Structures are given as C-alpha cells and as structure tokens.
Amino acid sequence: MTLTDQVPLSTLPSYVEAYAPDIEKVLIPADAIQAKLAEIGERITEDYAGRSLLLVGVLKGAFVVMADLSRYIRLPLEFDFMAVSSYGAATRTSGVVRILKDLDHDIEGRDVLLVEDIVDSGLTLNYLLKNLRGRRPASLEVMALLQKVGLQKVPLDIRYPGFDIPPEFVVGYGLDFAERYRNLPYVATLRPEAYREA
Ligand code: IMP
C-alpha cells in the first residue's frame, strides 16, 4: 500500500501527525497563504511586464515561499540564493550578518526581487539590501511573507508585504524551530512544551 492509498492526496500537504501535539495555534492557514501569494504573484507579473526577473531567496527559511510564489508569477524567472547568519548575540543589534553562501551570479543591471520569509528586527534585511545595492542592480525590491508588528529597528520599504503577525515566535511554511516544522503548510505558534522537549 502506498502513502496516497492511506491518505487522500488532498489532505497530504496539511497534516504532519508527529507535529500535531506541538502546535498551539494556527495563525495563518494554508489557503490564506496561497491566496496571498496568488495576489502578490499577479501584482509582480503586472509590475515587471515585458522584463525578466531574478528572484533571490534567503536560505533556509525562504525556500518554501520562493517555490510557491514563483509559480504564481507569469514571467521568465531566474533563481539565486544567499545564506546568512548573525555574528552572534553581541553583534545582533548592530545588524552585522555573515554571508555563508553568496549569490552564484552577478546582479549588475538586473531586476532583482529579494524574497524573505519573515522580518523580525529587520536588521538582516537591512544588511542584505545595503549589500545588494552595492552590486548595482537595475532595480531591487522586497517580498516578505511575514512581518512582526512593532519590532522593526530600522525603517524598511517592503514593496510586496504578505501578513503582519504579532511579535511571537512562529514556525511552519519554511520557518523552523531547531530545524523542525519547515514543511508545515501553515504558520503557527508552538506550545511551550515543544520548546522544552527540544
Ligand atoms: P531579523 O534580522 O531580526 O529581521 O531576523 C530575521 C531572521 O530571523 C529570519 O530570516 C528568520 O530566519 C529568523 N526569525 C525571526 N523570527 C522568527 C520566527 O518567529 N520564527 C523562525 N525564525 C525567525
């Protein structure tokens, strides 16, 4: 018997049995995320009509939103990724981040859309934008699926915002806690026990 014989295909993406006891509250259901991405994809298709676009994803969290968003954009697309990490607690507030993996391609003269999973303090995004602007792209805009309300330490211009969420730690849809929960199709908070057990 295959997995799809046991679980109807339509329910496959929405349920991970092993995670179920850890979930406290679903903040953004899967269908709301997909509807928002469809709407943003449509706007991007119109805004960049006649041009080709380079999507730059920030690993690891953005891989899910990048994959889904790209399939709502009806334009020629190229993809590239960066991986970053904070220098650590002492320098976190300075917004200095270390580039663990740089882009594979030159972006000079390109239309670039940076795709982020979540903006918390905004320091990571602020650093990345400064860094990428220095490479002289033709244009540089940001799509961020989630933005925590009231926590931004720097003013940010997010051209394609997804959802505002309360300043709580969230998982799912690419976001992890201890590398788990990234494959949940929704965004949720965790029960306190889930942190203790990890
Ligand atoms: P910022 O520099 O404070 O805006 O933090 C951005 C990064 O921190 C994101 O790209 C995530 O990797 C991580 N992060 C911030 N908040 C959360 C959360 O609620 N869940 C999971 N990861 C988070």
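Note that ligands are numbered from 1 as they come in the structure, with each ligand's atoms numbered from 1 the same way. Nothing here was measured: the structure is a model prediction, and the numbers come from that model. Only heavy atoms go into these numbers, but all of them, side chains included; no hydrogens, no water, no symmetry mates.
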Visitor: At what distance, to the nearest 0.5 angstrom, does CG of Leu140 lie from CZ of Arg133?
Guide: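 Result: 6.0 Å between the selected atoms.
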Visitor: For ligand 1, which atoms have a heavy atom of Thr124 less than 4.0 angstrom away?
Guide: 1 (P), 2 (O), 5 (O), 6 (C)
Visitor: So, does Gly122 sit close enough to ligand 1 that a heavy atom of it is under 4.0 Å from the ligand?
Guide: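 Yes, Gly122 has a heavy atom closer than 4.0 Å to ligand 1.
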Visitor: For atom 1 (P) of ligand 1, which of Ala62, Gly174, Pro167, Ser121 has the closest heavy atom?
Guide: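 Checking each option, the heavy atom nearest atom 1 (P) of ligand 1 is found in Ser121.
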Visitor: Considering distance alone, does some N or O of Val171 sit under 3.5 Å from an N or O of ligand 1?
Guide: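 By distance alone, the answer is no.
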Visitor: Can you list the atoms of ligand 1 that are under 4.0 Å from a heavy atom of Asp117?
Guide: 9 (C), 10 (O)
Visitor: Leu125: heavy atom below 4.0 Å from ligand 1, yes or no?
Guide: no
Visitor: Looking at Phe163, I'd like to know if the NZ or CZ of Lys36 sits under 6.0 Å from its six-membered ring centre while staying within 45 degrees of the ring's axis.
Guide: yes
Visitor: With heavy-atom distances below 4.5 Å as the criterion, would you say the side chains of Leu100 and Met82 are in contact?
Guide: no
Visitor: Give the atom numbers and elements of ligand 1 that come within less than 4.0 Å of a heavy atom of Leu175.
Guide: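 Counting from 1, the qualifying ligand atoms are 21 (C), 22 (N).
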Visitor: So if I count the atoms of ligand 1 from 1 in the order they appear, which ones are less than 4.0 Å from some heavy atom of Glu116?
Guide: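 Contacts of ligand 1 toward Glu116, numbered from 1: 10 (O).
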Visitor: Would you tell me whether Glu39 and Tyr72 have side-chain atoms, one donor and one acceptor, within less than 3.5 Å of each other?
Guide: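 Note: Glu39 and Tyr72 side chains miss the donor-acceptor criterion.
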Visitor: Check for me whether Glu168 has a heavy atom closer than 4.0 Å to any atom of ligand 1.
Guide: yes
Visitor: Can Asp176 be said to touch ligand 1, with heavy atoms closer than 4.0 Å?
Guide: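 Yes; Asp176 lies near enough to ligand 1 that a heavy-atom distance drops under 4.0 Å.
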Visitor: Check step by step if side-chain contact (heavy atoms from CB on, under 4.5 Å) holds for Val112 and Leu55.
Guide: CA-CA 6 Å; Val112 177; Leu55 295 190; over 6 Å; no
Visitor: For ligand 1, indicate whether the residue Ile118 contacts it via side chain, backbone, both or neither (heavy-atom separation under 4.0 Å).
Guide: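 Both parts.
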Visitor: Check for a donor-acceptor pair, side chain of Asp80 on one end and backbone N or O of Gly57 on the other, with a separation under 3.5 Å.
Guide: no
Visitor: For a 4.5 angstrom cut-off between non-hydrogen side-chain atoms, does Tyr173 reach Ile33?
Guide: yes
Visitor: Could you tell me which atoms of ligand 1, counted from 1 in the order shown, lie closer than 4.0 angstrom to a heavy atom of Lys148?
Guide: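 So the atoms of ligand 1 that pass are 16 (N), 17 (C), 18 (C), 19 (O).
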Visitor: Is it the case that the side chains of Thr189 and Glu24 hold a donor-acceptor pair, with the cut-off being a distance below 3.5 Å and no angle test?
Guide: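 Their side chains do contain a donor-acceptor pair, which is all the 3.5 Å distance test asks for.
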